[in-house]
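Before any comments, here is the structure.
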Amino acid sequence: MTPVTYFPHKNNEMFVEDIAISTIAKQVQTPFYCYSSAAIETSFQDYQNAFSEQDALVCYAVKANSNQAVLATLAKLGSGADVVSMGEIRRAIMAGIPANKIVYSGVAKTQEEINYALSLGIFQFNVESEPELELISKVASSLNKTAAIAFRINPNVCAQTHEKISTGKAENKFGVPISKARVAYKQAASLPGIKVQGVDVHIGSQLTSLAPFEEAYQHIAQLVVELRSDGHDISVIDVGGGLGITYLDEVIPSKKTYADMVKAQLGHLNCKIIIEPGRSLLGNAGILVSSVVFVKTGEERQFLLLDAGMNDLIRPSMYDAFHQIIAVNKGNNELKTYDVVGPVCETGDTFAKARQVHESDAGDLIAIMSSGAYGAVMSSSYNTRMLAPEIMVKGHEFAVVRKRPSYEDIIKQDITPSWL
């Protein structure tokens, strides 16, 4: 099954909304990322509708895709932002997301970053450790400001996802252990410049079952009751993100089912709910389009050598992640088995092994699906390769929303010292 309905084939040719991918490729050249505005808008509105019966704020996880056009699209729909750096705060503000809809996560916030966030008046700091709490208190006091905080709680729950994107186990670097939470909140309440207002939890990414969420939220609900009994005014619960998408045939709970579970576990506490979706908003709203450079016949297999590489999309190399790989123009071609690889000088520059793709020749276009999240945002110029441009489509129109840098742009970032 093809998970992305915004990239259908019409007469065997792939479209994005109302534009043929090949039309964009002729003007932009490959490789490039391509995003569907309609897909982003629909996913966001699905969350809004799912949580419409609750006092909820959707704070898009900027790390998933931080392009300004993406952020501006979400800002116009009323989205907030979950950020993990000063750079992401600046991106969110410049895209039109108001500071009072920004929650600031991240395990190593610096004094400069905290100062900047306080100067804007963000909604909440999701505090990851006691030393961070003390620094926030120090900075806030020096500015005569008050920082609204929630501790990120590590509930020691297995998210049943890839180990590199699991964040809620005791062995992970994130958050305060739930066993130490009451002590941490007592410390927070005693510090100047701190307003205790919430509890935060995020156990991982690409979850395909609600069971780990449910287990984590049960722990959080009990903790909120205990914190209130300790005298803390807890009015916000940040339930994190992590709801997965369909990359191949995964069956993902609907956003409505997820929202109903949140209400069932936490609704009786009458707290404002913060949701931090990233992948589930952007993942299937984007693809990476590449061209076949060569078809190479090896001793044991055939290779499709693409002009996109692991520097453009690192997930398969980093996580052994699965992405569907589809010929943009299927024609009447038969399916053939290929290893689909890139041009980077690494054996790990492999998108798929023994994958069935419609028979392709040099110059044919290939789409790597479900690349809207953790794609362009994690790319690099390794091997001095130019970053792939990003394209946004709306109906019959498309725009380049991040241009491809020239080689001169890349090289002139280096500074040759005076002694050379």
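- At least one side-chain heavy atom of Val225 sits less than 4.5 Å from a side-chain heavy atom of Leu269.
- A donor-acceptor pair under 3.5 Å links the side-chain atoms of Ser37 to the main chain of Val393, judged by distance alone.
- Counting all heavy atoms, side chain and backbone alike, Ser360 lies closest to Val292 at CB-CG2, 4.2 Å.
- At distances below 3.5 Å, at least one donor-acceptor pair connects side-chain atoms of Ser290 with backbone N or O atoms of Ala308.
- Side-chain atoms of Phe351 and Leu304, non-hydrogen and from C-beta on, never get closer than 4.5 Å to each other.
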With side chain to side chain contact (heavy atoms under 4.5 Å, CB included) as the criterion, how do Tyr33 and Leu288 come out once you've worked through the C-alpha distance, each side chain's angles and the decisive distance to 0.1 Å? CA-CA 4 Å; Tyr33 278 93; Leu288 174 60; 3.8 Å; yes

Just list the side-chain donor-acceptor pairs under 3.5 Å for residues 142-150, sequence neighbours left out, or say none.
unit_1: Ser142; atom_1: OG; unit_2: Val139; atom_2: O; d: 2.7

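- For the pair Lys109 and Phe125, the NZ or CZ position fails the cation-pi test of under 6.0 Å to the six-membered ring centre and within 45 degrees of the ring normal.
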Apply side chain to side chain contact (heavy atoms under 4.5 Å, CB included) to residues Gln111 and Leu135 and explain how you reach the verdict. CA-CA 7 Å; Gln111 182 167 328; Leu135 181 58; 3.9 Å; yes

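- Arg279 forms no cation-pi arrangement with Tyr247, by the criterion of a distance under 6.0 Å to the ring centre and an angle within 45° of the ring axis.
- One finds the CE atom of Met392 at 4.0 Å from the CD1 atom of Ile40 (value rounded to the nearest 0.5 Å).
- At distances below 3.5 Å, not a single donor-acceptor pair connects side-chain atoms of Arg301 with backbone N or O atoms of Ala354.
- Rounding to the nearest 0.5 Å gives a distance of 10.0 Å between CG of Leu281 and CG of Leu243.
- For Glu214, the CD atom sits in a packed shell: over 12 heavy atoms of surrounding residues, nucleotides or ligands are nearer than 6.0 Å.
- Atom CD1 in Ile237 sits 9.5 Å away from atom CG in Asn270 (nearest 0.5 Å).
- Counting heavy atoms from C-beta on, the side chains of Ile325 and Tyr338 never come closer than 4.5 Å.
- Defined by atom type and a distance below 3.5 Å, a donor-acceptor pair is present between the side-chain atoms of Ser406 and Asp409.
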Evaluate the side-chain hydrogen bond (donor to acceptor under 3.5 Å, both in side chains) criterion for residues Ser36 and Glu17: first the C-alpha distance (whole Å), next the side-chain angles of each, then the deciding distance (0.1 Å), finally the verdict. CA-CA 7 Å; Ser36 162; Glu17 298 191 25; 2.7 Å; yes

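- Distance CZ/Phe32 to CZ/Phe398: 8.0 Å, rounded to 0.5 Å.
- Few gaps surround NZ on Lys272; more than 12 heavy atoms of other groups in view lie less than 6.0 Å from it.
- Remark: the backbone N or O of Met261 is not paired with any side-chain donor or acceptor of Gln265 at under 3.5 angstrom.
- Residues Val340 and Leu306 are in side-chain contact: their nearest non-hydrogen atoms beyond the backbone lie under 4.5 Å apart.
- Between Phe151 and Tyr185, the ring planes are perpendicular. Angles over 60° get that label, and only those under 30° would be called parallel.
- Side-chain atoms of Tyr6 and Thr42, non-hydrogen and from C-beta on, do get closer than 4.5 Å to each other.
- Each of Lys403, Arg404, Arg402 was compared with Glu390 under the salt bridge (charged side-chain N to carboxylate O under 4.0 Å, His left out) criterion, and only Arg402 meets it.
- We find the CG-CG distance between Leu57 and Asp82 to be 10.5 Å, quoted to the nearest 0.5 Å.
- The backbone N or O of Met310 lies less than 3.5 Å from a partner atom in the side chain of Asp349, making a donor-acceptor pair.
- Across Ser291 and Thr30, no two heavy atoms sit closer than the pair OG-OG1, 2.7 Å.
- A donor-acceptor pair is defined here as one N or O able to donate and one able to accept, closer than 3.5 Å; no such pair exists between the side chain of Ser280 and the backbone of Ile245.
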N/O donor-acceptor pairs under 3.5 Å from side chains in residues 176-184, not counting sequence neighbours:
unit_1: Arg182; atom_1: NE; unit_2: Asp230; atom_2: OD2; d: 2.8
unit_1: Arg182; atom_1: NH2; unit_2: Asp230; atom_2: OD1; d: 2.8
unit_1: Arg182; atom_1: NH2; unit_2: Asp230; atom_2: OD2; d: 3.4

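- The closest donor-acceptor contact from the side chain of His219 to the backbone of Asn156 lies at 3.5 Å or more, if one exists at all.
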Show the numbers, then the answer: is there a side chain to side chain contact (heavy atoms under 4.5 Å, CB included) between Val341 and Lys296? CA-CA 11 Å; Val341 301; Lys296 177 181 176 180; over 6 Å; no

Could you go through Asn311 and Ser379, starting from their C-alpha distance and side-chain angles, then the distance that decides it, and tell me whether this counts as side-chain hydrogen bond (donor to acceptor under 3.5 Å, both in side chains)? CA-CA 5 Å; Asn311 66 296; Ser379 61; over 6 Å; no

Under the side-chain hydrogen bond (donor to acceptor under 3.5 Å, both in side chains) criterion, do Glu226 and Gln222 qualify, and how do the steps go? CA-CA 6 Å; Glu226 292 170 357; Gln222 179 60 35; 3.2 Å; yes

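- Within a 6.0 Å sphere centred on CD1 of Ile415, other residues, nucleotides and ligands contribute 12 heavy atoms or fewer.
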Given the rule in the side chain to side chain contact (heavy atoms under 4.5 Å, CB included) test, do Ile326 and His9 qualify, once you have shown the distances and angles that lead to the verdict? CA-CA 10 Å; Ile326 299 176; His9 275 79; 3.5 Å; yes

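- Arg91 places a side-chain N or O within 3.5 Å of a backbone atom of Ser66 that can act as its donor or acceptor partner.
- Minimum interatomic distance between Ile287 and Ser370 (heavy atoms only, all atoms of both residues): CG2-N, 4.4 Å.
- Side-chain N or O atoms of Glu250 include one that pairs as donor or acceptor with a backbone N or O of Leu248 at under 3.5 Å.
- Taking every heavy atom of both residues into account, Ala56 and Ile275 meet most closely at CB-CD1, 3.8 Å.
- A salt bridge does not link Glu276 to Lys63: none of the charged side-chain nitrogens sits closer than 4.0 Å to a carboxylate oxygen.
- Contact check for Val62 versus Ile97: no side-chain heavy atoms found under the 4.5 Å cut-off.
- Using cut-offs of 30° and 60° for the angle between ring planes, the Phe51 and Tyr258 rings count as perpendicular.
- The nearest pair of heavy atoms linking Glu132 to Val107 is OE1-O, 4.4 Å.
- Considering all non-hydrogen atoms of both residues, Met378 and Tyr319 come closest at CE-OH, 4.0 Å.
- At a threshold of 4.5 Å between non-hydrogen side-chain atoms, the residues Glu346 and Ser317 do not count as touching.
- Using a distance-only test at 3.5 Å, with no hydrogens or angles considered, a donor-acceptor pair links the side chain of Asn67 to the main chain of Ala69.
- Two residues are said to be in side-chain contact when any heavy atoms from C-beta on lie closer than 4.5 Å; Ile410 and Met386 meet this criterion.
- Asn126 and Gln124 form a side-chain donor-acceptor contact under 3.5 Å, judged by distance and modelled atom types alone.
- Expressed to the nearest 0.5 Å, how far CD of Gln218 lies from CG of Leu266 amounts to 9.5 Å.
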